[in-house]
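What follows is a single structure, written as C-alpha cells, with notes after it.
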Amino acid sequence: MTDGNTTDALTRLEQEGEIAADYLEGLLDIADLDGDIDMDVEGDRASVSIVGESSSRDLNKLVGREGEVLEALQELTRLAVHRETGDRSRLMLDIAGFRAHKRTELTDLGVKAVEEVKESGRPVKLKAMTPFERKVVHDAVAAAGLRSESEGEEPERRVVVLPA
C-alpha cells in the first residue's frame, strides 16, 4: 500500500468509527444508559467501545448472555455505517470490556489446545464458537507455531487445532 492509500483507508475507518459512535450515542440516549464512547482503529478495522463506571451494571444489559446482545448491536451498528457510507463495515464493538476479557480467555484456550496437541500428537476439536471467538483462537494457535482450521456449519462451527 502506498502512503496515500494508507491515509485514505485510515480516514475511511475513522469515519466509520464516528458514524458508529453517533449511532451508539443515540442508542444510549434512547435506553437512558450512561456510557462513554471510545474510538480507535485496530489493524484494518474500526473499533468502538462503550465504557462506563466500573460500578455500572447497566451496560451489561447491552452485552447480554454470552455476548448475544453485543453481537446484535454490532450488526446493527455495522448496518448504520453501511447506510451512511454505502460500504460494508467490519467494525468491532466492545461494551464494558466484554470482548477484551473474552479475547484473553480465548487466547489462553488456544494456548492450552496447542499444548495438548503437542503432547498427544493428535488434533484437538474445540467447542462451537462465534466468528470473533474463532478468529482469536486461530491467531493464538498461529502465534504458538501450529495450524488450525474451522469445521462445521454455523452455529456449530468450531476450531480444530492440528499437529505440526
Side-chain angles (χ1 to χ4, degrees), residues 1 3 5-113 126-144 148 150 152-159:
M1 239 187 218
D3 287 339
N5 289 341
T6 302
T7 302
D8 291 345
L10 183 60
T11 300
R12 184 182 54 77
L13 293 173
E14 288 171 344
Q15 178 190 17
E16 280 187 23
E18 289 172 12
I19 293 166
D22 289 344
Y23 176 78
L24 293 165
E25 283 175 3
L27 178 79
L28 290 174
D29 286 344
I30 290 168
D32 195 28
L33 296 173
D34 290 326
D36 294 321
I37 298 182
D38 292 337
M39 295 181 300
D40 198 4
V41 173
E42 296 177 4
D44 61 348
R45 64 174 62 192
S47 174
V48 178
S49 299
I50 301 175
V51 295
E53 297 175 14
S54 58
S55 62
S56 172
R57 299 178 67 81
D58 286 344
L59 289 181
N60 289 331
K61 294 175 187 173
L62 297 179
V63 173
R65 187 175 58 94
E66 297 297 316
E68 291 172 339
V69 176
L70 170 59
E71 290 288 334
L73 288 173
Q74 177 174 277
E75 287 307 310
L76 289 172
T77 304
R78 287 176 173 176
L79 286 171
V81 170
H82 177 73
R83 185 183 67 225
E84 291 291 320
T85 65
D87 295 326
R88 182 178 172 272
S89 174
R90 295 183 60 236
L91 176 128
M92 185 64 68
L93 175 63
D94 193 5
I95 300 174
F98 177 83
R99 279 199 201 275
H101 178 73
K102 191 77 167 172
R103 184 175 275 123
T104 301
E105 287 180 351
L106 291 165
T107 299
D108 292 345
L109 176 66
V111 169
K112 287 178 186 168
L126 301 175
K127 67 180 178 68
M129 298 179 191
T130 67
F132 161 76
E133 293 169 334
R134 290 193 309 270
K135 168 87 169 87
V136 173
V137 173
H138 285 305
D139 290 348
V141 170
S148 60
S150 293
E153 299 295 322
E154 295 292 352
E156 294 300 315
R157 198 154 169 80
R158 66 189 67 246
V159 173

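Please read all numbers here as calculations on a predicted model, not as lab measurements.
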(request) For T85 and D87, indicate whether the former's side chain and the latter's backbone hold a donor-acceptor pair under 3.5 Å. (result) yes
(message) Can you give me the closest heavy-atom contact between A100 and D94, atom names plus distance?
(response) N-OD2, 3.3 Å
(request) Report yes if the side chains of L27 and T77 come closer than 4.5 Å at any heavy-atom pair, otherwise no. (result) no
(request) Might you confirm whether atom CD of E154 has over 12 heavy atoms from other residues, nucleotides or ligands at distances under 6.0 Å? (result) yes
(message) A quick test of your reading: do over 12 heavy atoms of other residues, nucleotides or ligands sit less than 6.0 Å from CD of E66?
(response) no
(request) Drop me the distance from L33's CG to L24's CG, to the nearest 0.5 angstrom. (result) 11.5 Å
(message) I'd like to know if the side chain of S148 pairs up with that of H138 as donor and acceptor (distance under 3.5 Å, no hydrogens or angles considered).
(response) yes
(request) Determine, for R99 against E133, whether the closest basic-nitrogen to carboxylate-oxygen distance falls under 4.0 angstrom. (result) no
(message) How about CG on D29, more than 12 heavy atoms from neighbouring residues, nucleotides or ligands closer than 6.0 Å, or not?
(response) yes
(request) Taking the side chain as every heavy atom from C-beta outward, state whether I19 and E16 have any atom pair closer than 4.5 Å. (result) no
(message) Is the shortest side-chain heavy-atom distance between L70 and K102 below 4.5 Å?
(response) no
(request) Please tell me if the side chains of M39 and E18 come closer than 4.5 Å, counting only heavy atoms from C-beta onward. (result) yes
(request) Keeping the roles fixed (side chain from R157, backbone from G152), state whether a donor-acceptor pair exists under 3.5 Å. (result) yes
(request) Taking all heavy atoms of Y23 and all of A80, pick out the closest pair and write down the distance. (result) CD1-CB, 3.6 Å
(message) Are D58 and D32 packed together at the side-chain level, in the sense that at least one heavy-atom pair is separated by less than 4.5 angstrom?
(response) no
(message) What I want to find out is whether K112 reaches D108 closely enough, with some N-O distance under 4.0 Å, to be called a salt bridge.
(response) no
(message) Once rounded to the nearest 0.5 Å, what's the spacing between atom OG of S150 and atom NZ of K135?
(response) 11.0 Å
(request) Would you check if the side chain of R134 reaches a backbone N or O of V159 as a donor-acceptor pair within less than 3.5 Å? (result) no
(request) Return the minimal non-hydrogen interatomic distance between G35 and I50, and the atom names on each side. (result) CA-CG2, 4.3 Å
(request) Search all heavy atoms of L59 against all heavy atoms of D34 and return the closest pair with its distance. (result) CD2-O, 3.7 Å
